[in-house]
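Basis for what follows: all heavy atoms, side chains included, without hydrogens, waters or symmetry-related copies. We number each residue from 1, following the sequence as shown.
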Amino acid sequence: MLHSISWLQYAIAISLLLTVYYLAVILIYYRPQIVAMVNGKGQYPNDIEPYPVEKNVLGEIQPDHNGASILSEELQFSSDQADQLTEENH
């Protein structure tokens with residue numbers, strides 16, 4: 001069954017299907033903007049505003065009340081012995 005379809009026919013069919021799909025998605029989600037642009041009213045019609053930008057997406061900064069945080073000076077990523085070993089090898 002698949003031997004009767006050439007690669008060119010397959011590519012044309014996929015291209016047409018993808019074009020129809022993307023046109024449908026664009027018309028469904030961007031119809032008000034497209035109508036406003038066609039009518040010459042600019043990018044957004046009067047009754048449609050652009051999406052608001054949320055300034056506080058992650059929430060407010062909360063203090064650490066359980067005392068589990070440490071200062072950056074107290075962080076230790078390697079021991080002094082490991083530093084000495086690497087200096088001796090160079």
Side-chain angles (χ1 to χ4, degrees):
M1 179 177 146
L2 293 177
H3 296 287
S4 64
I5 299 173
S6 70
W7 282 106
L8 180 62
Q9 291 171 337
Y10 175 75
I12 291 172
I14 293 297
S15 299
L16 288 174
L17 287 173
L18 284 174
T19 302
V20 169
Y21 171 77
Y22 280 109
L23 283 175
V25 168
I26 288 170
L27 288 176
I28 289 171
Y29 289 107
Y30 296 104
R31 183 182 310 208
Q33 288 88 351
I34 293 171
V35 170
M37 287 174 53
V38 169
N39 291 336
K41 293 182 180 179
Q43 187 175 3
Y44 300 104
N46 293 336
D47 59 341
I48 297 177
E49 295 295 324
Y51 294 109
V53 178
E54 286 191 40
K55 295 179 182 176
N56 196 1
V57 176
L58 297 177
E60 296 292 326
I61 298 173
Q62 300 292 323
D64 186 21
H65 296 294
N66 62 4
S69 62
I70 60 173
L71 298 174
S72 61
E73 293 84 18
E74 297 173 351
L75 293 174
Q76 184 176 5
F77 294 103
S78 65
S79 65
D80 292 332
Q81 182 182 15
D83 290 336
Q84 291 172 355
L85 291 175
T86 55
E87 290 175 4
E88 290 174 4
N89 291 337
H90 292 287

Side-chain heavy atoms under 4.5 angstrom apart, residues restricted to Ile, Leu, Val, Met, Phe, Trp, Tyr: same cluster for Leu8 and Tyr10?
-> no

Test item: Leu17 and Tyr21 side chains (from C-beta on) under 4.5 Å apart, heavy atoms = no

Kindly indicate, with the supporting measurements, whether the criterion side-chain contact (heavy atoms from CB on, under 4.5 Å) is fulfilled by Leu16 and Val20.
-> CA-CA 6 Å; Leu16 288 174; Val20 169; 5.6 Å; no

In Å and rounded to the nearest 0.5 Å, what is the CH2 to CD1 distance from Trp7 to Ile12?
-> 14.0 Å

Kindly compute the distance separating CG (Leu23) from CD1 (Ile28), expressed to the nearest 0.5 Å.
-> 11.0 Å

